[in-house]
Protein chains: 4
Amino acid sequence: MNTRVPQQQRGIQTKQQIIEAAMRLFSQKGFHGTNTKEIARAAGVATGCFYAYFGDKKAVFMEALTLYFAQFHQIAQEQIARLSTAGAGQKPFFKEMIRSFLKAHGVFKDFHHELTAMYYTDPAVLQLVAAYDAACIGYISRYLTGIQAQLRVTDLEAAAKVVYWSIHSVVDAIAFTAAPNEAQLVDALADMIESYLFAPSGTPAAQGVRPDDSLSPGG
Amino acid sequence: MNTRVPQQQRGIQTKQQIIEAAMRLFSQKGFHGTNTKEIARAAGVATGCFYAYFGDKKAVFMEALTLYFAQFHQIAQEQIARLSTAGAGQKPFFKEMIRSFLKAHGVFKDFHHELTAMYYTDPAVLQLVAAYDAACIGYISRYLTGIQAQLRVTDLEAAAKVVYWSIHSVVDAIAFTAAPNEAQLVDALADMIESYLFAPSGTPAAQGVRPDDSLSPGG
Amino acid sequence: MNTRVPQQQRGIQTKQQIIEAAMRLFSQKGFHGTNTKEIARAAGVATGCFYAYFGDKKAVFMEALTLYFAQFHQIAQEQIARLSTAGAGQKPFFKEMIRSFLKAHGVFKDFHHELTAMYYTDPAVLQLVAAYDAACIGYISRYLTGIQAQLRVTDLEAAAKVVYWSIHSVVDAIAFTAAPNEAQLVDALADMIESYLFAPSGTPAAQGVRPDDSLSPGG
Amino acid sequence: MNTRVPQQQRGIQTKQQIIEAAMRLFSQKGFHGTNTKEIARAAGVATGCFYAYFGDKKAVFMEALTLYFAQFHQIAQEQIARLSTAGAGQKPFFKEMIRSFLKAHGVFKDFHHELTAMYYTDPAVLQLVAAYDAACIGYISRYLTGIQAQLRVTDLEAAAKVVYWSIHSVVDAIAFTAAPNEAQLVDALADMIESYLFAPSGTPAAQGVRPDDSLSPGG
DNA sequence: TATGAATGAGACTTCATTCAT
DNA sequence: CATGAATGAAGTCTCATTCAT
């Protein structure tokens, strides 16, 4: 039987409830540890109803995933837009970006992990995630292109990737291990990215670098 | 009944065969996509024999994991030892390290991914992996301490972590997406790490940095 | 997942069918000789359906047991009520009781034996059976208290137990071995119980006792 | 492969060890709850060795059973012999008999229960047990025949059976429930049997009967 | 002969999915 | 549209028994 596309208000709401319940359960117990009956019950509907809206269990996961990414994209885009216009080349840019990621991570932390697990396991998930990663890298790449003049690196493609993956993994490590020294790690990460991207400002000022101001022009 | 501890030569061999078959299958089809019957058959033994050696499916996974890490550790340690003595502070160190990781990754590439998937799902796996990560970070940290004089960073703990996670994720991205521009990414990553860790060598030579030789003394 | 509590008519009927099929099979082939697949098939449902209603094989057994005892109790209580009011102290009481037991036994004879087997093996069964035995002994005890004046025994508790167990085992022996001399055994058993409980009616009439009328008053 | 009949001292001892281990385990965990590996280990031999001496798991059970009965028989026979010659018609006979049974029961109490469970389940066990029961009934029957003159009952066959089963079940109840009022139950049981079998001794002395001496002549 | 490793049928159980009401 | 009962394939695990050494 084909999947139902809800037409009425009620149907749309039901579908939404199912997605939310599924996300909650996947986050708590993982995809493999959650069964459709549980999802249905948590959503307050009958088992059969689940299959009226979703072709199979993976379908909810994918839909939840799409939603999840949409939110990420939105946050990221807003961030980029804000920072880009606020004055291109402002160095706090990356620190802000890291904080953005951290925050976004926090919202659906556990779902993010389940997602990562599926990523390596399921091609469809991989594709979705890869698209998202590519988009993020694209943002960074465009940003770098915009401030190319200030940079010491030349291969902007590679730089964007390296920067993205570094942020990605450090943020993940922070979020997952609930690192107590979060602030230092964020500082160190931002410092690394900035040391890498930006040319030292002409003077040998780099000694005694302190993460935040080391690159402030004024030098 | 408890797990069998092989007492005859034959038993030891059988157990080894099972572990190998399991790793192969987990890598190909994932943990959840592999069943114990398949593992047994792939190892050339009967189902029951599997359970003589392993309490359940996860038990093989954990044992395989332990083995896998033991190899990683060994490779890493050898590498560190070799590089450290070869001339402390030689800058190719990190590039070498990245290549090491890439190589190690390559050996059991798919198993590594299955592992990552389990990492987020299973506490026991998490623990094992966390221990491994901590060990790696420890290596780096000790290395940095050894060459502290040459460094621009001061919080070596944080630096070691940031460096480790960056390498980890970039290597993973390279390995998983079979990036065609592997060389550039490795260069960029090494460049980032070095820019971050090392003080520009006194002269304003940092301009026009080229990854490999930029830091070679002689400057 | 938890056991289903049938909410539709169909569900209630299915559960009943499963219990009946299980009782039939347990009686024929014993608890250990019957598997859940067979039970499901005999009930005309799928294997999984069995587990929707019962957590495991023992659960059906226990539920069947409870049902079985409920019927026993009902028969016994009716019997007691009828005989007690029909004229307290009428001696055919015990003969009637024996016949009751025999009849009740006959209905689910084989199930009774499987039950006895489980009794010694499973604590939960033991508990249920012990409760039933205690209830039966309670009936007899109360009956004896009611006719205390006519009795030669004084420790009514002990008497009730001894009488109950004697009936129990003789009835069991009769039912299980399909003794050809059932009538004689019943007579002998009733005679034994009555000789024990009731004082000889004043005269030395006890010689040449014939089971049935030996104790009829009026000697 | 055929079962080995031990020829050497060592073999005989091994077989004995296996039987003992099996009895112990069957008593503790039941026939179905014990596996051959456990038996072998408890006996201090290898799994395969078990099958050198016994065709299958049931075979040990049967052999243990036979041994168990042999002991019972011996005790019973000695008892009968002793009492019979000590003065036929001595009334303490049945009380002694009950005590004998209780003692015999106590020795292998748990094995006895496992046996009862198997009895209803396995034809071979049934046959063995039935033979044993018949033998016991035979003893009683012969005893009764010997003192026929003193008895009020005439159908000695039926009487023997009723008496045997009563003793059997009351003893079982005592042993299994560890009844605190064991003494009273034994008294009551003996009283019942004696009231049943023996004619009141000529005088209307039966009033105020006390189990032990009520029937002593010369009263 | 003893050892303990190996066998494999079969038991129990779960759950994604379909169906009757 | 919703409900919850039913399906049955597939997976996990056990254990009586056989076999290689």
Side-chain angles (χ1 to χ4, degrees), chain A residues 1 4 6-8 10-11 14 32 34-41 44-58, chain B residues 1 4-15 32-41 43-58, chain C residues 1 4-15 32 34-41 44-58, chain D residues 1 4 6-8 10-11 14 32 34-41 44-58:
Chain A
M1 196 185 307
R4 178 186 306 158
Q7 310 280 342
Q8 301 174 6
R10 184 166 54 140
T14 301
H32 294 288
T34 304
N35 63 25
T36 52
K37 205 171 187 171
E38 283 173 303
I39 296 173
R41 184 168 42 191
V45 301
T47 319
C49 191
F50 175 93
Y51 283 89
Y53 291 103
F54 301 95
D56 58 18
K57 192 167 74 151
K58 206 166 80 191
Chain B
M1 187 88 64
R4 180 187 300 163
V5 177
Q7 316 200 347
Q8 299 177 356
Q9 187 52 40
R10 184 164 55 134
I12 293 168
Q13 197 184 331
T14 300
K15 185 166 182 178
H32 294 288
T34 305
N35 65 16
T36 52
K37 210 173 193 166
E38 284 173 305
I39 296 174
R41 187 172 32 200
V45 299
T47 317
C49 192
F50 174 92
Y51 284 93
Y53 292 102
F54 302 96
D56 56 17
K57 197 168 54 153
K58 205 166 86 191
Chain C
M1 188 88 65
R4 178 188 301 163
V5 176
Q7 317 201 346
Q8 300 177 355
Q9 186 53 39
R10 184 163 54 134
I12 294 168
Q13 198 184 330
T14 300
K15 185 167 183 178
H32 294 289
T34 305
N35 64 17
T36 53
K37 208 174 195 166
E38 284 173 305
I39 296 174
R41 186 170 35 198
V45 299
T47 318
C49 194
F50 174 92
Y51 284 93
Y53 291 102
F54 302 96
D56 57 17
K57 196 167 56 151
K58 206 167 85 191
Chain D
M1 196 184 307
R4 177 186 309 157
Q7 311 280 343
Q8 300 174 5
R10 183 168 56 141
T14 300
H32 294 288
T34 304
N35 63 26
T36 52
K37 205 170 184 172
E38 283 173 303
I39 296 173
R41 184 167 42 190
V45 300
T47 319
C49 191
F50 175 93
Y51 283 90
Y53 290 103
F54 301 95
D56 57 19
K57 194 168 69 152
K58 207 166 79 192

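Protein chains get the first letters and strands the later ones, always in sequence-line order, with residue 1 at the start of each. Keep in mind that what you see is a predicted model, and the values were worked out from it rather than measured.
The shortest heavy-atom contact between C49(B) and T14(B) is SG-CG2, 3.9 Å.
H32(B) places its NE2 atom 19 Å from the P atom of dA10(F), with the value rounded to the nearest Å. The interatomic distance linking Y51(D) (OH) with dC15(F) (P) rounds to 12 Å, in whole Å. The nearest whole Å value for the distance from the CZ atom in F50(D) to the P atom in dT18(F) is 12 Å. Put simply, CG on N35(C) is 12 Å from C1' on dA9(E), counting in whole angstrom units. For the pair Y53(B) OH and dG4(E) P, the interatomic distance rounds to 12 Å; values are reported in whole Å. Spacing between atom NZ of K37(C) and atom P of dG11(F) amounts to 14 Å, rounded to whole angstrom units. One can place CD1 of I39(C) at 17 Å from C1' of dG8(F), the figure rounded to the nearest angstrom. Taking atom CD of residue E38(A) and atom C1' of nucleotide dG4(F), one finds them 16 Å apart after rounding to whole Å.
Remark: T36(C) is in phosphate contact with dC12(E), judged by side-chain N or O atoms under 4.0 Å from OP1 or OP2. In terms of phosphate contacts, R10(B) brings no side-chain nitrogen or oxygen within less than 4.0 Å of OP1 or OP2 of dT21(F). Taking side-chain N and O atoms only, R41(A) has no distance below 4.0 Å to OP1 or OP2 of dG4(F).
Distance from the side chain of C49(C) is smallest to dA6(F) among dA6(F), dA6(E), dG4(F).
The shortest side-chain heavy-atom distance between Y51(D) and T36(D) falls under the 4.5 Å cut-off. Within the 4.5 Å cutoff, the side chain of F54(C) has no heavy atoms near those of the I39(C) side chain.
Sequence order on DNA chain F of the closest nucleotides to A52(C) and V45(A) puts V45(A) first from the 5' end. Summary of the strand contacts: T14(C) and T14(A) both lie near DNA chain F, and taking for each the nucleotide with the nearest heavy atom, the more 5' one is attributed to T14(A).
Pair assignment for dA16(E) gives dT7(F), based on Watson-Crick or G-U wobble hydrogen-bonding distances that are each under 3.5 Å. Using N1 to N3 plus N6-O4 or O6-N4 for Watson-Crick, or N1-O2 and O6-N3 for G-U wobble, each under 3.5 Å, dT21(F) pairs with dA2(E).
Not one N or O on the side chain of K15(B) forms a donor-acceptor pair closer than 3.5 Å with the backbone of R4(B). Counting only distance, with no hydrogens or angles, the side chain of E38(B) and the backbone of N35(B) share a donor-acceptor pair below 3.5 Å.
Counting non-hydrogen atoms under 4.0 angstrom, K57(B) reaches the backbone sugars and phosphates but no base.
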